[in-house]
Amino acid sequence: MELIQETPDLSAYLAADEVVDHDHPRVLEVAARLAKDAEDSYAYARLAFEFVRDTIPHSQDSGDPRVTWRASDVLEQGTGICYAKAHALAALLRAEDIPTALCYQRFDVVHGLVAVRFNGAWHRQDPRGNKPGVDAQFSLGEERLAFIPDPASNEVDYPVLYAEPHPVVLGALKAAPDRPYLWKTLPTAL
């Protein structure tokens, strides 16, 4: 699948905003801690991916009722669904000047992940969190995502790379008072 930048301006994929708030002290602190153990940007990206994937539980898996959507809140509260975890990873990567996009897949509902730009190409990564049947890994070669869409079941890989969260996704997160409510209102398409 050919990935398509929503905007041709690569600097948009480095920007801080309300959601991917990589200028927030909590994001900067975590990024600095991870960067100390990385010999280069590729190693940093892998460490940031593994940090979000492995230390921030997916709130559905853990039973946490809180809904987070801002990257700094995900890092402070240590919880989030796929979208929120993607926002946190994007912030950590952008904090170290690694262009990062938000991207999506559709199964029964829309699933969120990121794409990182290395060596002139975009590479999708899924920090959702592993569990039985899910083995997402950081890779710049063959994708190692949490889920692979089945076109025969009308599942979709959306090719667009967004600089900011899709409004449908962000609207659902912001409107949800808790995860059980969010689960009833997750977007089914973009």
Side-chain angles (χ1 to χ4, degrees), residues 1-3 20 30-31 33-35 37-69 71 74-75 77-94 96 98-119 121-162 165-166 169 173 179 182-183 186-190:
M1 173 180 68
E2 181 181 344
L3 299 173
V20 182
V30 173
R33 185 168 23 103
L34 293 171
D37 295 326
E39 63 272 5
D40 57 25
S41 60
Y42 172 80
Y44 174 83
R46 183 183 47 75
L47 288 171
F49 168 84
E50 290 171 353
F51 174 83
V52 173
R53 181 195 64 192
D54 298 342
T55 67
I56 299 172
H58 188 286
S59 56
Q60 176 70 13
D61 295 348
S62 67
D64 194 321
R66 296 174 292 170
V67 175
T68 54
W69 53 269
V74 174
L75 296 174
Q77 296 182 37
T79 190
I81 69 165
C82 60
Y83 313 133
K85 291 182 67 157
H87 300 163
L89 180 55
L92 289 172
L93 295 171
R94 290 181 184 184
E96 289 293 314
I98 298 170
T100 307
L102 299 164
C103 46
Y104 304 93
Q105 299 172 309
R106 187 192 68 209
F107 300 96
D108 291 335
V109 295
V110 173
H111 174 64
L113 52 157
V114 304
V116 296
R117 189 163 178 89
F118 276 102
N119 304 322
W122 289 101
H123 307 274
R124 294 188 307 166
Q125 313 296 326
D126 192 342
R128 181 233 178 267
N130 290 338
K131 62 179 188 173
V134 175
D135 184 28
Q137 301 295 323
F138 185 82
S139 174
L140 298 184
E142 181 180 347
E143 288 186 334
R144 301 282 310 274
L145 305 177
F147 309 109
I148 306 299
D150 176 9
S153 299
N154 292 319
E155 296 173 348
V156 176
D157 264 325
Y158 291 111
V160 177
L161 301 174
Y162 295 91
H166 193 283
V169 167
L173 288 169
R179 189 188 35 77
L182 176 62
W183 235 242
L186 285 171
T188 56
L190 295 182

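- In this structure, NE2 on H111 lies 7.5 Å from CG on L145, to the nearest 0.5 angstrom.
- Considering only heavy atoms from C-beta on, T100 stays 4.5 Å or farther from L89 through its side chain.
- Between S41 and I98, the closest heavy-atom pair is O-CD1, 3.7 Å.
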| request: Please step through side chain to side chain contact (heavy atoms under 4.5 Å, CB included) for the pair L173 and I81, ending with a clear verdict. | output: CA-CA 9 Å; L173 288 169; I81 69 165; 4.1 Å; yes

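- Looking at residues two or more places apart in sequence or on another chain, you find a ring-ring contact (aromatic ring centres under 6.0 Å, His included) between Y104 and Y162.
- Among pairs with a residue in residues 41-66, those fulfilling ring-ring contact (aromatic ring centres under 6.0 Å, His included) read Y42-F138, F49-F138, at least two apart in sequence or across chains.
- Partners of E50 by salt bridge (charged side-chain N to carboxylate O under 4.0 Å, His left out), not counting sequence neighbours, listed by chain and number: R46.
- For A84, the side chain to side chain contact (heavy atoms under 4.5 Å, CB included) criterion is met by T68, V74, not counting sequence neighbours.
- From R53, atom CZ reaches atom CD of Q137 across 4.5 Å, with rounding to the nearest 0.5 Å.
- Annotation: ring-ring contact (aromatic ring centres under 6.0 Å, His included) contacts of F118 (sequence neighbours excluded): none.
- Shown here for P165 and L102, the closest heavy-atom pair between the two residues is N-CD1, 3.4 Å.
- G78 and P57 make their closest contact through O-CD, 3.2 Å (heavy atoms, listed as atom of the first residue, atom of the second, distance).
- With sequence neighbours excluded, no residue forms a ring-ring contact (aromatic ring centres under 6.0 Å, His included) with W69.
- For the pair I148 and E155, the tightest heavy-atom approach, listed with the atom from each and the gap, is O-OE1, 4.0 Å.
- Residues C82 and F147 have side chains not in contact (no heavy-atom distance under 4.5 Å, counting atoms from C-beta outward).
- Remark: R106 pairs with no residue by the side-chain hydrogen bond (donor to acceptor under 3.5 Å, both in side chains) rule, at least two apart or across chains.
- In terms of the side chain to side chain contact (heavy atoms under 4.5 Å, CB included) criterion, residue partners of A152 (sequence neighbours excluded) are, by chain and number, D150.
- Checked by atom type and distance alone, the side chain of R66 pairs as donor or acceptor with a backbone atom of Q77 at under 3.5 Å.
- Every side chain to side chain contact (heavy atoms under 4.5 Å, CB included) that D37 has, sequence neighbours left out, goes to L47.
- With rounding to the nearest 0.5 angstrom, the CH2 atom of W122 is 6.0 Å from the CG atom of L161.
- Evaluation of the salt bridge (charged side-chain N to carboxylate O under 4.0 Å, His left out) rule for D135 yields R144 as partners, not counting sequence neighbours.
- Taking 4.5 Å as the limit, some side-chain heavy atom of D157 sits within range of a side-chain heavy atom of R124.
- Side-chain atoms of N130 come within 3.5 Å of backbone atoms of A136 as a donor-acceptor pair (strictly under, hydrogens ignored).
- One N or O on the side chain of Q125 and one on the backbone of S139 form a donor-acceptor pair closer than 3.5 Å.
- Shown here are the salt bridge (charged side-chain N to carboxylate O under 4.0 Å, His left out) partners of R128, two or more places apart in sequence or in another chain: D61.
- Here the closest non-hydrogen pair linking A71 and A88 is CB-CA, 3.7 Å.
- More than 12 heavy-atom neighbours from other residues, nucleotides or ligands sit within 6.0 angstrom of CG on D40.
- Across every non-hydrogen atom of V52 and P127, the tightest pair is CG1-CB, 3.8 Å.
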| Given the rule in the side chain to side chain contact (heavy atoms under 4.5 Å, CB included) test, do V110 and Y83 qualify, once you have shown the distances and angles that lead to the verdict? | CA-CA 9 Å; V110 173; Y83 313 133; 3.7 Å; yes

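- Residues satisfying the side chain to side chain contact (heavy atoms under 4.5 Å, CB included) criterion with P159, sequence neighbours excluded, are M1, I4.
- A distance of 9.0 Å separates OG in S59 from NZ in K85, rounded to the nearest 0.5 Å.
- A distance of 6.5 Å separates CD in Q105 from CG in D126, rounded to the nearest 0.5 Å.
- Rounded to the nearest 0.5 Å, atoms OG (S153) and CG (D108) are 9.0 Å apart.
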